[in-house]
Number of protein chains: 2
Amino acid sequence: MILSKTCDYGLRAALYIATHEREHFVSIRRISEKLQISFHFLTKILQILTEKGIMISFRGPNGGVKLARKAEEITLLDIILAIDGPGLFTDCALGLEKCWEGHPCPLHQEWKQIRTDLKNIFQSKTLADLAFRIKSDTFRISDLAVTT
Amino acid sequence: MILSKTCDYGLRAALYIATHEREHFVSIRRISEKLQISFHFLTKILQILTEKGIMISFRGPNGGVKLARKAEEITLLDIILAIDGPGLFTDCALGLEKCWEGHPCPLHQEWKQIRTDLKNIFQSKTLADLAFRIKSDTFRISDLAVTT
DNA sequence: TATATTTAAGACAGTGTAGTCTTAATTTGG
DNA sequence: CCAAATTAAGACTACACTGTCTTAAATATA
Ligand code: SF4
Ligand code: SF4
C-alpha cells in the first residue's frame, strides 16, 4: 500500500466532510458509520488533523469536526504530509539512507520522476476537486455503493 | 516506503549478484557484509527468490546463490512480484476493497496512470541494465561509498 | 444543575513486518 | 570418514501499525 491505512482513512474522512456543509460540524460517529471505519480509531486520526490545523473540532451535542479552511484550499498532499509525513516523496526506492545526488542508487532518474509525479498529483487535487467528483455520484469513498 | 524493506534487500542483493560472475555462486555471507544486511534475514529473503525460481542456490564450501537466468532476462518487476506480490500495481489509492471501473474512487484516473508508470519502469529495467550502471561506479547499492 | 452528547487522551491488545538465533541438511576437501 | 563451509528450516523476539476500550473534559439543553 502506497499510503498507510491511517492515511487512507484520514483522506476518506476529509472527503466525506468536504462533501457536506462547511458551516456545520460533522460528528465522527457518523463519519465512521458511513465509511465503515472504527469510530475510536478514526477519532485519533482526526485528532491528528485537528492538531495540524487542518480540521477544527468541537465537543458536546452537535459537535464534531469541520475543515479549518475552505475545501478549495486543502490539498490531498496537506493531509498526506500531516499523517504519513514526507517519506513517500523523499525516500530512496532501494531504501538507502543517504541520497547523494552525483552518486545515487541505480534507479535515481526513474524514481525521482515518479516521486515528482506523485507529489504533483496529490498537490494539484484539492478536497473540493474530489468532493465535486463524489457529489456527481460517479465516484465513491466507501466500499458501500452509496454514501450519504 | 513504496517497497517493503524485505523487497529492497532482495533487489539490492540481486543487483549485487548481477554485478558479479554469473557462473560462480556468491555466498550470502559475503552479500550481507557488502550490503550491510543481516545475514540470517537475507538468507530467508534469498530463499524466497530461490523458491520462485529466480535464483539457484548451492550448499557447502564455495556454495551460495546465483541467478537462475541471464541478468538480461530478469526484471525488477520479477523480484518485486516474488517478494511483495502485485498489490502495488493493483491496490486502490484510498484502500477500497473493490475497484469497480465505472464507479471507482475519485482518484481513479490519476492513480491508475501512476500505477501503470510504476509497473512499466520496473518491468523495463533488467538486472543487467542496472548492473551496468553500478559497474560504471557512478551508482551504488549500499550506504557505503564503495561496494565490491 | 443534571443529563446526554461529543471529542480528548491514554492505556491496552492484536497483527504483521523485521530481525535473531539454533539446529538440520548438504557439499567440499583433507 | 571427518571437519569445515554453506544454505534450509523453523522457533523465537522486537517493534511498528492497527484497532479497542475506558475515563476525562467540554458543551448544549431541558
Ligand atoms: S536518487 Fe537513488 S538513492 Fe537517491 S532517493 Fe532516488 S532512488 Fe534513492
Ligand atoms: S480506480 Fe479508484 S478505486 Fe479503483 S483502484 Fe484505482 S484508485 Fe482505487
Side-chain angles (χ1 to χ4, degrees), chain A residues 1-13 17 24-68 80 82-85 87-88 91 94-95 97, chain B residues 1-13 17 24-68 80 82-85 87-88 91 94-95 97:
Chain A
M1 248 184 319
I2 192 135
L3 301 175
S4 71
K5 219 163 176 180
T6 305
C7 192
D8 276 337
Y9 289 164
L11 280 171
R12 287 169 55 206
I17 295 167
H24 300 68
F25 289 99
V26 183
S27 85
I28 299 175
R29 172 72 63 187
R30 177 172 176 187
I31 303 171
S32 75
E33 284 166 1
K34 294 296 182 182
L35 301 185
Q36 312 242 283
I37 300 170
S38 150
F39 166 70
H40 288 102
F41 193 30
L42 185 56
T43 295
K44 290 207 296 195
I45 298 167
L46 291 175
Q47 274 171 27
I48 296 172
L49 295 181
T50 300
E51 283 165 17
K52 301 274 183 175
I54 294 173
M55 305 262 178
I56 293 172
S57 66
F58 200 76
R59 293 196 251 204
N62 304 315
V65 292
K66 67 179 182 183
L67 303 179
I80 292 169
I83 296 176
D84 276 353
L88 179 60
D91 287 350
L94 293 186
E97 287 296 329
Chain B
M1 249 185 319
I2 192 137
L3 301 174
S4 71
K5 217 162 178 182
T6 305
C7 192
D8 278 337
Y9 288 163
L11 280 170
R12 288 170 53 207
I17 295 167
H24 300 66
F25 288 98
V26 183
S27 85
I28 299 174
R29 172 73 62 186
R30 177 172 176 185
I31 304 171
S32 75
E33 283 166 1
K34 294 297 183 182
L35 301 185
Q36 311 241 280
I37 299 170
S38 149
F39 166 70
H40 287 102
F41 191 29
L42 184 57
T43 296
K44 290 206 298 194
I45 297 167
L46 291 174
Q47 274 171 28
I48 296 172
L49 295 181
T50 300
E51 283 165 16
K52 301 273 183 177
I54 293 173
M55 305 262 178
I56 293 173
S57 67
F58 200 76
R59 293 194 251 203
N62 305 315
V65 292
K66 66 178 183 184
L67 302 179
I80 292 169
I83 296 176
D84 276 354
L88 180 59
D91 286 350
L94 292 186
E97 288 294 329

- Query: Hey, does A:R29 have a side-chain heavy atom less than 4.5 Å from the side chain of A:E33?
  - Reply: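 A side-chain contact exists here, since the closest heavy-atom pair is under 4.5 Å.
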- Query: Taking the side chain as C-beta and beyond, is there a heavy-atom pair between B:F39 and B:I28 under 4.5 Å?
  - Reply: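 Yes. Closest side-chain heavy atoms under 4.5 Å.
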- Message: Let me confirm one number: the CD1-OG distance from A:I45 to A:S4, rounded to the nearest 0.5 Å.
- Response: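 Between A:I45 CD1 and A:S4 OG, I get 8.0 Å after rounding to 0.5 Å.
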- Query: So B:Y9 and B:F41, would you call those rings parallel, tilted or perpendicular, with 30° and 60° as cut-offs?
  - Reply: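 Aromatic pair B:Y9/B:F41 classed perpendicular.
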Choose from [options] the nucleotide whose nearest atom is closest to any side-chain atom of [X].
| X | options | answer |
| --- | --- | --- |
| A:P61 | D:dA8, D:dT27, C:dA18 | D:dT27 |
| A:R59 | D:dA24, D:dA8, C:dT28 | D:dA24 |
| A:S4 | C:dA9, D:dT18, D:dA9 | D:dT18 |
| A:N62 | D:dA9, D:dT29, D:dT6 | D:dT29 |
| B:K44 | D:dA24, D:dA9, C:dG19 | C:dG19 |

Are any of [X]'s side-chain N or O atoms less than 4.0 Å away from OP1 or OP2 of [N]?
| X | N | answer |
| --- | --- | --- |
| A:T43 | C:dT7 | no |
| B:Y9 | C:dA18 | no |
| B:T6 | C:dT17 | no |
| A:S57 | C:dA8 | yes |

Measure the distance from [atom1] on [X] to [atom2] on [N] and round it to the nearest whole Å.
| X | N | atom1 | atom2 | answer |
| --- | --- | --- | --- | --- |
| B:L3 | C:dA18 | CG | P | 11 Å |
| A:L46 | C:dA9 | CG | P | 13 Å |
| A:I28 | C:dA9 | CD1 | C1' | 13 Å |
| A:K5 | C:dT15 | NZ | P | 12 Å |
| B:L42 | C:dT20 | CG | C1' | 14 Å |
| B:I48 | D:dA9 | CD1 | P | 12 Å |
| A:M1 | D:dA16 | CE | P | 18 Å |
| A:L49 | C:dT7 | CG | P | 14 Å |

- Query: Given that B:T50 and A:H40 both sit by DNA chain D, which one's nearest nucleotide is further toward the 5' end?
  - Reply: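 It is B:T50, whose closest nucleotide lies nearer the 5' terminus.
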- Message: Going by side-chain contact (heavy atoms from CB on, under 4.5 Å), B:I83 matches just one of B:L11, B:L3, B:L49. Which one?
- Response: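 That would be B:L49; it is the only one of B:L11, B:L3, B:L49 passing the side-chain contact (heavy atoms from CB on, under 4.5 Å) with B:I83.
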- Message: By the 4.0 Å heavy-atom rule, please label A:F39 as base, sugar-phosphate, or nothing.
- Response: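 Base, at least one base atom sits under 4.0 Å.
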